[in-house]
Amino acid sequence: MSETATTAAGGAAPKVSNVSEAIIRIAGNSQDGIQAIGGFLARLAGRSEQEVMTFMTIPSTISGGPSIFQVRIGSGEVLSSGDEADVLLCFYQHSYEDHVSSLKKGGIVLYDSDHVEPKAEWQQTYHHLGVPISGLTVEAIGGTAKDKGKNIFSLGLIAKMFDLNLPKLEKLIGERFTGKDPSILNNALAAFHAGYGHSLGSVLEVFKFVDSQKKDHPQIVMNGNEALGFGLIAAGVRFGAGYPITPWSDIMELLRRELPKYGGTFVQTEDEIAAISMAIGASYAGRVAVTGSSGPGISLKTEALGWAVMAEMPLVIVDVQRGGPSTGMPTNVEQSDLNIAVFGGHGDSPRVVIAPANVEDCFYMAIEAVNIARKYSVPVIILSDQGIASRIEAFEEPNLEKVCQDISPDFTPVADHKPYDLAPVDGVTRHVAPGTRIASGKYPVVTGLEHDELGHPTGSPKLHAQMSAKRRKKLQALGAALPLPQIYGPAEGNILLVGWGSTEGPIKEAAARARAAGDSVSSLHIRHVNPMPNGLENIFAGFNHVFVVEMNDEGIYGYGQLASLLRARYCDPKIRGINKVDGLNWKVKDILSRANDAVATGLRKM
Amino acid sequence: MSLTLPFEVLPRTGNLNTGLVPPLSDADRKGLTKKEVAADHPTWCPGCGDFSVLALYFKLIEKRKIHHEKITTVAGIGCSSRFPYFVQAHGAHYIHGRALPFASGISLSRPDLHVFVFGGDGDAFSIGGNHFNHTARKNIKLTYCVMDNWVYGLTKKQTSPTSPLGFKSKTDGWGSMDHPINPMKQAISAGATFVARTTHTNPNHVLQMMEAAMDHDGFSFIECLSECVEFYEGAFDASNPRKGGAFNTVPADHDVTDEAAAYKLAGEAFPGSFGIFYKTTRATKNANEAKIVSSHQEKVKGLKDWQILQKNFDRLK
Ligand SMILES: Cc1ncc(C[n+]2csc(CCOP(=O)(O)OP(=O)(O)O)c2C)c(N)n1
Ligand code: SF4
Ligand SMILES: [Mg+2]
């Protein structure tokens with residue numbers, strides 16, 4: 001909690017500290033509705049023009065189990081969900097014992113004294129504040145509610161502790177419970193007020209957020225999966241197919257629910273192969289379609305993906321990465337699908353891979369994916385991950401009227417059509433959907449066999465070489481058109497941290513923290529993974545060390561997946577990796593210490 | 001170069017609402033001739049049964065005056081699956097076993113097209129077996145003609161899921177031992193709403209089945225015996241009167257809506273019966289989805305797409 005001013009308070013009243021940000025970790029079991037508390041806080045922050053980022057863990061068993069939700073709210077820029085919490089709200093003994101170490105020294109443990117027995121050895125390090133949360137909730141709303149309302153009661157406690165805007169929170173609670181039985185809303189408000197009205201007693205200080213910078217536009221609050229799903233809708237996608245798997249399922253559920261309003265359909269298929277096949281079929285039929293998956297489901301799609309490359313079909317594939325291989329760590333974060341996304345499949349099969357850097361980026365990159373797929377007649381993989389999928393962020397509300405696209409197919413008859421015309425130097429041809437009349441009377445067959453310009457099979461070595469080049473040149477053309485990523489920090493210095501995907505925030509924060517401490521560290525985030533923009537080598541040239549920070553294994557030869565790709569492209573020995581596979585998001589301090597270690601170790605022997 | 005086209009331009013459609021778009025005026029258009037609908041010369045072995053299936057598909061297109069752009073021919077991989085290359089119309093040659101989900105994507109997003117899928121027995125019942133079941137139960141509107149030759153033709157004589165017991169293939173030199181799949185039973189039990197059986201040696205019957213299948217509103221499945229002269233010569237002689245066999249149509253009193261009776265017919269020993277075994281009406285997935293769409297669109301009537309999305313976003317503030 002960065003405190004900017006402290007007002008001493010007299011008497012028994014707790015002192016009020018002005019803070020610019022706070023990290024609150026809520027620990028309990030998944031059925032306690034702790035996600036809801038976090039969600040309320042995140043939404044409130046969004047409405048208060050604050051920045052917010054959350055982090056949560058979900059047990060992989062449906063029957064519940066320990067779960068946490070961490071929310072970081074700031075009046076300034078918030079880049080990660082934070083390394084150490086200021087406040088730990090814990091419902092059970094196990095929540096207390098497992099998470100007390102996530103608190104910074106001197107942080108506050110707010111615990112349910114009906115379930116938690118504080119430990120003497122920790123009472124020196126952290127402020128402890130016990131509130132009989134369970135009992136008081138029952139008192140406030142009656143015994144039938146049991147465990148139900150204690151999350152809202154706790155929200156009241158937090159609201160008091162942080163002097164949060166009461167009417168706004170009441171409004172949010174009201175919105176959340178609209179349409180339901182009015183007694184539910186009344187109970188929720190009763191629990192909330194009971195928590196808010198509870199005397200914080202011995203607590204030493206309460207906090208007040210300093211005003212955040214005025215934002216010109218209203219903010220919107222959602223997680224990465226929602227942003228991707230809505231982004232696809234905004235892009236004009238009206239057909240999709242998928243098979244359930246965590247953490248991709250949220251997106252397919254959203255599309256299944258929402259698409260019919262737009263005249264669209266999302267089909268739950270018998271497996272992932274059927275899903276991608278159906279999506280390709282719809283794309284072929286003229287509706288750039290989406291499929292997606294996570295983990296093993298992505299592996300299943302690779303044969304069909306190769307077909308889409310060969311047949312030059314537009315298609316969007318969402319890969320919400322999780323810990324692998326095989327069933328792996330289904331509810332943990334990992335960035336180990338870059339290789340399958342870029343190279344997965346047999347044969348030379350160039351496809352586009354992009355990776356959104358944050359929740360807002362999920363929305364816009366979904367649109368970009370669709371547009372690249374259409375323009376270049378190529379499958380585009382969006383590499384998201386479990387971290388970004390479930391992370392809630394506030395961002396400037398998009399101008400939907402401007403952003404939303406109509407990509408309904410164009411059946412304007414054509415004089416002649418060669419689906420695999422070799423004439424364009426950039427290799428780019430346009431897909432013409434069935435339903436289109438072709439005046440020449442020569443109709444295209446789209447195919448996975450090597451083919452001539454009309455799509456008819458050929459064994460000609462020359463045509464295979466030409467067609468392979470065509471498929472490759474499209475991506476080279478795209479690469480040449482891509483903008484270079486922005487460098488955060490000076491363009492020259494000692495260390496450049498390079499990342500991709502969900503880690504932009506913590507990497508950027510790490511670099512900023514290092515610079516504040518006087519070190520020469522900048523960062524760069526690669527959003528276009530395949531093809532990459534041209535000219536990265538000029539950026540790398542400005543630094544002594546280029547560390548690629550990834551949540552994947554360092555691999556047999558010592559480099560992570562993006563690091564290997566960059567090394568292959570630039571043959572630059574100063575490109576090295578900082579990798580980990582513990583299933584958790586990066587902590588800012590860990591990135592920094594690993595970077596410092598790597599500098600100290602120096603270049604490996606080649 | 002400016003295009004001069006002899007026909008009017010189809011307007012851009014709304015998403016998935018092609019059904020509402022006025023169709024191209026076809027009144028002045030003549031039906032296609034065989035020459036106009038034939039593309040590459042088939043690469044099949046001389047005498048392969050697949051030739052007659054193709055010829056009858058051309059006949060169907062001619063007879064029913066289907067225009068090039070109104071039809072889509074889809075196939076997986078196999079000898080039979082080379083089909084789309086030989087047809088002068090929009091077509092797709094997809095991957096082994098997955099033609100049905102691909103075709104379903106076309107069917108579900110394009111109510112204006114008729115989708116025909118052709119393929120072999122391995123494609124349909126081995127690698128694609130599960131897709132067959134699910135396409136049938138979902139009752140997706142398309143016609144699926146399996147050219148069953150009881151063998152893997154393209155890969156040169158391995159056992160197929162429909163190879164009869166004892167068939168000596170390269171993978172079962174001592175004779176096939178695995179109980180074969182009965183395509184008709186499979187289709188009926190999977191929930192197909194149109195199930196018919198025919199053979200390439202009876203052209204009129206093939207055409208009749210194709211027409212009935214095409215007119216069926218739902219998943220229409222035809223098992224068409226199609227001899228592989230290269231690797232399973234004489235497989236179907238017992239069904240060919242010219243080879244001393246018997247071609248029996250389904251009994252006149254057979255009730256095509258009676259599932260149990262259809263299943264019983266499917267269980268007859270070879271050569272069995274030919275014709276429509278089973279036909280029922282059940283809402284197609286196409287219709288069910290269209291219903292969901294129209295009920296949802298009713299609720300957002302008058303709103304532009306971005307305004308519908310805005311409503312969601314307003315709740316996320
Ligand atoms: C994934 C995959 N596995 C195997 C093959 C090889 N393959 C091509 S066709 C075929 C079997 C063809 O038999 P069938 O479907 O009965 O068609 P037919 O050639 O008899 O008409 C096989 C195994 C392939 N193309 N793809
Ligand atoms: S191998 Fe058999 S199925 Fe294939 S073309 Fe020749 S005869 Fe026909
Ligand atoms: Mg076969």
Side-chain angles (χ1 to χ4, degrees), chain A residues 46-47 175 218-222 230 233-234 238-239 241 258 260-265 267 269-271 273-274 277-282 284-287 289 303-304 307 397 400-401 404 406 408-415 434-439 441 443-449 456-457, chain B residues 3 5-7 9-10 12-18 24 36 39-40 67-70 72 74 84-85 88-95 98 101-106 108-110 112-113 130-131 133-134 285 289 292-293 295-297 299-300 304-310 312-313 315-317:
Chain A
R47 287 194 187 176
E175 285 167 13
Q219 294 202 95
I220 179 154
V221 180
M222 64 179 81
F230 287 129
I233 291 174
R238 296 295 179 261
F239 192 91
E258 298 296 330
K261 295 183 200 161
Y262 305 84
T265 306
V267 181
T269 55
E270 56 272 28
D271 59 34
I273 302 176
S277 299
M278 205 175 278
I280 298 174
Y284 164 69
R287 324 259 175 204
E303 186 197 1
W307 187 89
E397 182 178 16
L400 293 179
E401 189 176 4
C404 285
D406 177 359
S408 50
D410 177 358
F411 301 119
T412 310
V414 295
T436 311
R437 280 177 78 176
I438 298 174
Y443 281 80
V445 179
V446 293
T447 171
L449 274 171
H456 290 267
Chain B
L3 297 180
L5 295 158
F7 35 76
V9 169
L10 190 77
R12 270 170 72 84
T13 63
N15 283 306
L16 292 189
N17 290 331
T18 40
L24 265 182
E36 285 170 314
D40 297 3
H67 292 297
H68 284 135
E69 76 282 2
K70 287 288 173 222
T72 308
V74 178
Y85 297 117
Q88 194 56 269
H90 287 282
H93 188 218
Y94 195 53
I95 56 178
R98 323 292 176 188
F102 181 98
S104 300
I106 306 173
L108 289 171
S109 56
R110 292 292 299 281
D112 57 324
L113 295 174
N130 200 36
H131 305 311
N133 290 336
H134 288 271
K285 172 124 182 124
E289 292 295 335
I292 298 279
V293 165
S295 71
H296 278 71
Q297 290 203 303
K299 291 184 208 136
V300 292
K304 295 201 165 67
D305 284 2
W306 73 266
Q307 292 167 317
I308 305 173
L309 191 52
Q310 188 65 55
N312 276 319
F313 276 29
R315 281 195 293 273
L316 292 169
K317 279 182 201 160

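Here is how names work: the chains are called A, B, and so on, in the same order as the sequence lines, proteins then strands, and each is numbered from 1.
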Need one label for [X]: side chain, backbone, both or neither, based on atoms under 4.5 Å from any heavy atom in chain B.
X	value
A:Glu397	side chain
A:Ala241	neither
A:Ala279	neither

Taking every heavy atom of A:Tyr262 against every heavy atom of B:Asp305, the minimum-distance pair comes out as CE2-O, 3.4 Å
Would you name the heavy atoms of A:Cys404 and B:Leu309 that are closest together and state the gap between them? SG-CD2, 3.9 Å
Answer with side chain, backbone, both or neither: which region of [X] has an atom nearer than 4.5 Å to a non-hydrogen atom of chain A?
X	answer
B:Glu289	side chain
B:Lys299	neither
B:Leu113	side chain
B:Lys304	neither

With the side chain counted from C-beta on, respond yes when [X] and [Y] share a heavy-atom pair under 4.5 Å apart, and no when they do not.
X	Y	answer
A:Thr265	B:Lys285	no
A:Arg287	B:Arg110	yes
A:Val446	B:Tyr94	no
B:Leu316	A:Val221	no

Max heavy-atom pair count under 4.5 Å with chain B, selected residue of A:Gly46, A:Gly441, A:Ala289: A:Gly441
Pair A:Leu449-B:Tyr85, side-chain contact (heavy atoms from CB on, under 4.5 Å): steps then yes or no: CA-CA 11 Å; A:Leu449 274 171; B:Tyr85 297 117; 3.4 Å; yes
If you round to the nearest 0.5 Å, how far is [atom2] of [Y] from [atom1] of [X]?
X	Y	atom1	atom2	answer
A:Glu270	B:Asn130	CD	CG	5.5 Å
B:Ile106	A:Phe239	CD1	CZ	10.5 Å
A:Ile280	B:Arg98	CD1	CZ	11.5 Å
A:Lys261	B:Ser295	NZ	OG	11.5 Å
B:Ile95	A:Trp307	CD1	CH2	9.0 Å
A:Ile220	B:Asn312	CD1	CG	9.0 Å

Go through the steps for B:Lys317 and A:Arg47 under the test side-chain contact (heavy atoms from CB on, under 4.5 Å), then give the verdict. CA-CA 6 Å; B:Lys317 279 182 201 160; A:Arg47 287 194 187 176; 4.3 Å; yes
Heavy-atom pairs under 4.5 Å with chain A are the metric here; pick the option from B:Pro101, B:Ala39, B:Ala89, B:Ala92 that has the most. B:Pro101
In terms of heavy-atom pairs under 4.5 Å with chain A, the winner among B:Thr72, B:Ile292, B:Ile308, B:Asn133 is B:Ile308
Apply the test side-chain contact (heavy atoms from CB on, under 4.5 Å) to residues A:Val267 and B:Leu108: give CA-CA distance (whole Å), side-chain angles for both, the deciding distance (0.1 Å), then the verdict. CA-CA 9 Å; A:Val267 181; B:Leu108 289 171; 3.7 Å; yes
Return the orientation label for the A:Tyr284 and B:Phe102 ring planes: parallel under 30°, perpendicular over 60°, tilted otherwise. tilted
According to the interplanar angle, ranging from 0 to 90°, do the rings of A:Tyr443 and B:His90 count as parallel (below 30°), tilted (30 to 60°) or perpendicular (above 60°)? perpendicular
Hey, is the main chain of A:Asp271 close enough, under 3.5 Å, to the side chain of B:His131 for a donor-acceptor pair? no
